[in-house]
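Excluded from the calculations below are hydrogen atoms, water molecules and symmetry mates; all remaining heavy atoms, backbone and side chain alike, are included. Counting from 1, the numbers follow the sequence of the chain as shown. As the structure is a prediction and not an experimental result, all values here were calculated from the model.
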Amino acid sequence: MIEFYPNSIYYPREAVEEKLARGELQKTEEHLMGWTERHRGEIWDCARDDADEPTDEILLDNLRALLLCKGSLQPAAEMGDMIKEITKEIWYQNEKKPEAPDEVAQEWLSKYLVKWREARMFEAFILIEKKADQLLALLKG
């Protein structure tokens, strides 16, 4: 099984599972389901390279591998979320002392972009595990 864990931050699995239980990953789940539907053909093509009749685990592994290659479930939505985070940081920094928004944004990107993307990918991988039956139904449908 292909696994993913953030290298740049400590993000305990339990924290992600708590977010899932509270419904905070609903948007990510919707993006994952849509992404899986859009990439179903690619996932099957890759899985058939592994086996003529791919098992459920092969299908899910190829879903994970393709997601790692693509790097994002929904680039536009993730960019919007990132802009919201940067906007919060600009506001916070300007509460302390006036800062140029471009400089704050650049600093946020250099400090947090990799961590932020890794956290998003980790959440997606946990959702793949937790929603495997639904994902397989989409892949086989």
So the salt bridge (charged side-chain N to carboxylate O under 4.0 Å, His left out) pairs with at least one residue in residues 6-25 (sequence neighbours excluded) are Arg13-Glu17, Arg13-Glu129, Glu17-Lys130, Glu18-Arg22, Lys19-Glu123, Arg22-Glu24
Crowding at CD, Glu95 (>12 non-hydrogen neighbours, <6.0 Å)
yes
Rounding to 0.5 Å, atoms CD1 (Ile126) and CE (Met121) come to a distance of 13.0 Å
key: Donor-acceptor side-chain pairing of Gln93 and Glu89 below 3.5 angstrom   = yes
Worksheet item: What about Leu25 and Ile9, same hydrophobic cluster or not, with Ile/Leu/Val/Met/Phe/Trp/Tyr joined at side-chain heavy-atom distances under 4.5 Å?
Response: yes
Minimal heavy-atom distance between Arg117 and Gly71, with the atoms involved, is NH1-O, 4.2 Å
CG of Leu138 to OG1 of Thr36, rounded to nearest 0.5 Å, is 6.5 Å
Aromatic rings Phe4 and Phe125: how do their planes relate, parallel, tilted or perpendicular, breaks at 30° and 60°? tilted
key: Path from Phe122 to Trp116 over hydrophobic side-chain contacts below 4.5 Å   = no
Taken to the nearest 0.5 Å, the spacing of Asp49 CG from Trp44 CH2 works out to 13.0 Å
Exercise. Give a yes or no on whether Glu103 atom CD has more than 12 heavy-atom contacts from other residues, nucleotides or ligands under 6.0 Å away.
Key: no
Original post:
Ile86, Leu113: one ILVMFWY side-chain cluster at the under-4.5 Å cut-off?
Top reply: yes
Do Ile43 and Trp35 make a side-chain contact, defined as non-hydrogen atoms from C-beta onward lying under 4.5 Å apart? yes
Residues pairing under salt bridge (charged side-chain N to carboxylate O under 4.0 Å, His left out) where one sits in residues 35-45, two or more places apart or in two chains, turn out to be Glu42-Lys70
Answer yes if Met33 and Leu67 sit in the same cluster of Ile, Leu, Val, Met, Phe, Trp and Tyr residues linked by side chain heavy atoms under 4.5 Å apart, and no otherwise. yes
**Prompt:** Is there a chain of hydrophobic side chains (I, L, V, M, F, W, Y, each step under 4.5 Å between heavy atoms) that links Leu68 to Leu139?
**Reply:** yes
Ignoring hydrogens and angles, write down the donor-acceptor pairs under 3.5 Å from the side chains of residues 57-65, residues two or more places apart or on other chains.
| unit_1 | atom_1 | unit_2 | atom_2 | d |
| --- | --- | --- | --- | --- |
| Glu57 | OE2 | Arg64 | NH1 | 3.3 |
| Asp61 | OD1 | Ile2 | N | 2.8 |
| Asp61 | OD1 | Arg64 | NH1 | 2.9 |
| Asn62 | ND2 | Asp50 | OD2 | 3.0 |
| Asn62 | ND2 | Ile58 | O | 2.8 |

- Query: Does the side chain of Trp108 reach to within under 4.5 Å of the side chain of Met82, using non-hydrogen atoms?
  - Reply: yes
- Do the side chain of Glu118 and the main chain of Ser8 share a donor and acceptor less than 3.5 angstrom apart? yes
Is Tyr5 reaching over with its side chain to a backbone N or O of Tyr11, donor-acceptor style, under 3.5 angstrom? yes
So CZ of Arg120 and OG of Ser72: to nearest 0.5 Å the spacing works out to 9.5 Å
One thing to verify: whether Glu29 and Lys27 come together as a salt bridge, which I'm taking to mean a side-chain N less than 4.0 angstrom from a carboxylate O. no
Under 4.5 Å between any side-chain heavy atoms of Lys115 and Pro6, yes or no?
-> no
One should read off an interatomic distance between Glu30 CD and Leu73 CG, to the nearest 0.5 angstrom, of 12.0 Å
